[in-house]
Protein chains: 2
Amino acid sequence: MSADAEPAPVSAKPPVTLREVAAAAGVSVATASKALNGQGRMTAETRERIRETARLLGFRPNSLAQSLLRKRSFTVGLLTNDTYGRFSLPLMAGVSDALVDKGVSVFLCNVEDDPRLGQLHVEAMLDKRVDGIVATGKRIDRHLPVDLSNLRIPVVYAFTQPDPGAVGLVSDDAGGARLAVEQFLRLGRRRIAHVTGPESFAVVHTRAEAWRDVLKENGLPTAEPLLGAWSEAWGHDAVEKLFGKAGREGWPDAVFCGNDQIARGVIDALRERGIRVPEDVGVIGFDNWEIVAEATRPPLTSVDMNLASLGREAGLALLSLVEGQPAAPGIRKLPCRLVVRQSG
Amino acid sequence: MSADAEPAPVSAKPPVTLREVAAAAGVSVATASKALNGQGRMTAETRERIRETARLLGFRPNSLAQSLLRKRSFTVGLLTNDTYGRFSLPLMAGVSDALVDKGVSVFLCNVEDDPRLGQLHVEAMLDKRVDGIVATGKRIDRHLPVDLSNLRIPVVYAFTQPDPGAVGLVSDDAGGARLAVEQFLRLGRRRIAHVTGPESFAVVHTRAEAWRDVLKENGLPTAEPLLGAWSEAWGHDAVEKLFGKAGREGWPDAVFCGNDQIARGVIDALRERGIRVPEDVGVIGFDNWEIVAEATRPPLTSVDMNLASLGREAGLALLSLVEGQPAAPGIRKLPCRLVVRQSG
DNA sequence: CTGAAAGCGCTTACAG
DNA sequence: CTGAAAGCGCTTACAG
């Protein structure tokens, strides 16, 4: 054991450098570098001795210096405008989880809907020489308030509107809607209504179309979807519309809802009318927002967009772009899954 | 305009270096550096010419190179184990927002409750030479699954259990509870019950104690708080206990709930019993989880822990530690605020 | 098998 | 007023 060896990294001391390791092992920095990186040729003993010395000294290479040489920082930027929403959380966790094992760290960039913030963050990322950027949002039909189309680094879009020619990942909303409607059919439901969000959302149309397609394919009568707000209150109002006037025979026997909040409102309103879920009417939501789905009485069956997987895929897609693998541009749709609880 | 000047940063081209700026401006790199940093002495024209050249070339200094010299990376790590929860979101946004304007970027580190992940992320942060770390969690009486007590960089704890001798920021839960109870008193309520979470949470005791203190201070009768789960279902059960047996005179005229989900359950259960909120009974929640509070019928009055401010303060506290300002160790409590809606 | 040299992109004393 | 030199901590041809 060399006299230079420190017991353990002590607070406030600067980190151990390669130079110190080399000195302690009695070799040059070049040799030390090669020993630790498994490069070059040297006796097994030399290599082992250097490694042991490094271990003893608690040496960890300065990533900043490595990045400067390697032209890669092993960092990526994660842009989002959904810092108070619930969609970005699993998405961000997915991105981070996919990358941490590859030694890649993720910068969190909250851009809200503010172009100034967007600009600020993008410049910070570029200055810090991130290897790439994942752009994330709270809806797939809106752009972030930044232009990422002419950066010199790869960009992957996840759950937000991609630039033309870019790589984008979104959930397969049509597929998710099919899962819900087909579950109803399997349960013998035949008059399946659809209560969903505002017209201005692309997913409202995608899901409604899939709902109608499945009904048609099965020779069932279709109707207009009921559009409104993404809220419990709209769920209540929709029940009034659907179950208010007609005789019992005219009622739907199932309601496919555009999100879990609407579904929650629908279920509460049905209960207040003495209509039983799922005995009289089945209800399925969208988003699988667990804390809501599980508190609903009865617990809510819901379509899950697999956002954590989406994030993970986005992270991996970015990584392969960074590593120079060509990726087919365009939007890739990832499957949803149905989480069956008790409401439908 | 020099012949070397490029129109705009084009994709795939490597970034412009200081060397290129210097060449284009006909000076040495040293002079160029000083011109851009406002250092050294030179004619105003020289400085201006260099700056103009840099602007034209779209020069942005390589932050990695700067960090290597300055011994500061202008990055910090943000550890959290609450990636699927709702507490960390405003907290993280607050940290990020406070720092982006100072040129400091934030690494997102999702450690779940997994020591391996914790270790992995802390090592990545250290390797990347972050200037400091903010540790964040989902409850203030639990440690993250990592030991941050002997790092050579400053650490600030926000909404998670700090190490002894460290700087920690938490919400003032006792103060928050007082706000709720005092609001009830102001409204003339006198029999104020408390329905809250499980015994294992420190905040359950803190809030219950404050609730009881305010009652005592006002000469009102106190009782035992009702402990249960942090769920709507427990809210329902608690209403059964409070309003089930006794005659109307024995009923509380107000219920202070430990979180918004419990409050939601309480309000729903009261409605189902035909007890009016707020006419017959006032209800106040905790957390001000807007999407729940606003959907409750009537909309829920709730205590807000100001988590975004907490995050902001944590970011700023870390920054001053990084800059060498001494900070008093110990736990700093930040005030809550009451958001009055209609339930109490 | 090992080391001296050059260099990543920048900054900062120090000369002139 | 401006530039040459040294250096941050590392890696990678290139000699020997």
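Here is the naming used below: chain letters follow the sequence lines, and residue numbers restart at 1 for every chain.
Here the separation of dC1(D) from dC10(C), taken at their P atoms, is 26 Å to the nearest Å. Taking atom P in both dT2(D) and dG9(C), one finds a spacing of 26 Å when rounded to whole Å.
Checked by atom type, the side-chain pair Ser73(A)/Lys128(A) shows no donor-acceptor distance below 3.5 Å. A donor and an acceptor atom, one from each side chain of Asp127(A) and Asn62(B), are nowhere located under 3.5 Å apart. Asp82(A) and Thr80(A) share no side-chain donor-acceptor pair at under 3.5 Å.
Using a 30° and 60° split on the angle between ring planes, Phe107(A) and Phe107(B) fall in the parallel class, below 30°.
Taking atom CD of residue Glu45(A) and atom P of nucleotide dC1(C), one finds them 10 Å apart after rounding to whole Å. Rounded to whole Å, the distance from CD1 on Ile50(A) to P on dC1(C) is 14 Å. Distance Arg47(B) CZ to dT2(D) P: 10 Å, rounded to the nearest Å.
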Pairs under 3.5 Å (N/O, protein and nucleotides 3-5 of chain C):
unit_1 : atom_1 : unit_2   : atom_2 : d
dG3(C) : OP2    : Ser28(A) : N      : 3.3
dG3(C) : OP2    : Thr31(A) : OG1    : 3.0
dG3(C) : O6     : Lys34(A) : NZ     : 2.5

Would you tabulate the nitrogen or oxygen pairs shorter than 3.5 Å linking the protein to nucleotides 7-9 of chain C?
unit_1 : atom_1 : unit_2   : atom_2 : d
dC8(C) : O3'    : Lys71(A) : NZ     : 2.5
dG9(C) : OP1    : Lys71(A) : NZ     : 2.7

Stepwise salt bridge (Lys or Arg N to Asp or Glu O under 4.0 Å) test for Glu52(B) and Arg49(B): CA-CA 5 Å; Glu52(B) 183 60 13; Arg49(B) 179 167 45 88; over 6 Å; no
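In this structure, Ser67(B) reaches neither bases nor backbone, as no heavy-atom distance under 4.0 Å exists between it and the strands shown.
Within 6.0 Å of NZ in Lys333(B) there are 12 or fewer heavy atoms belonging to other residues, nucleotides or ligands.
Applying side-chain contact (heavy atoms from CB on, under 4.5 Å) to Leu169(A) and the options Leu310(A), Thr136(A), Leu91(A) leaves one that passes, Leu310(A).
Pair assignment for dA15(C): dT2(D), on the basis of Watson-Crick or G-U wobble contacts that are both within less than 3.5 Å.
By the 6.0 Å and 45° rule, Arg55(A) does not stack over the aromatic ring of Phe59(A).
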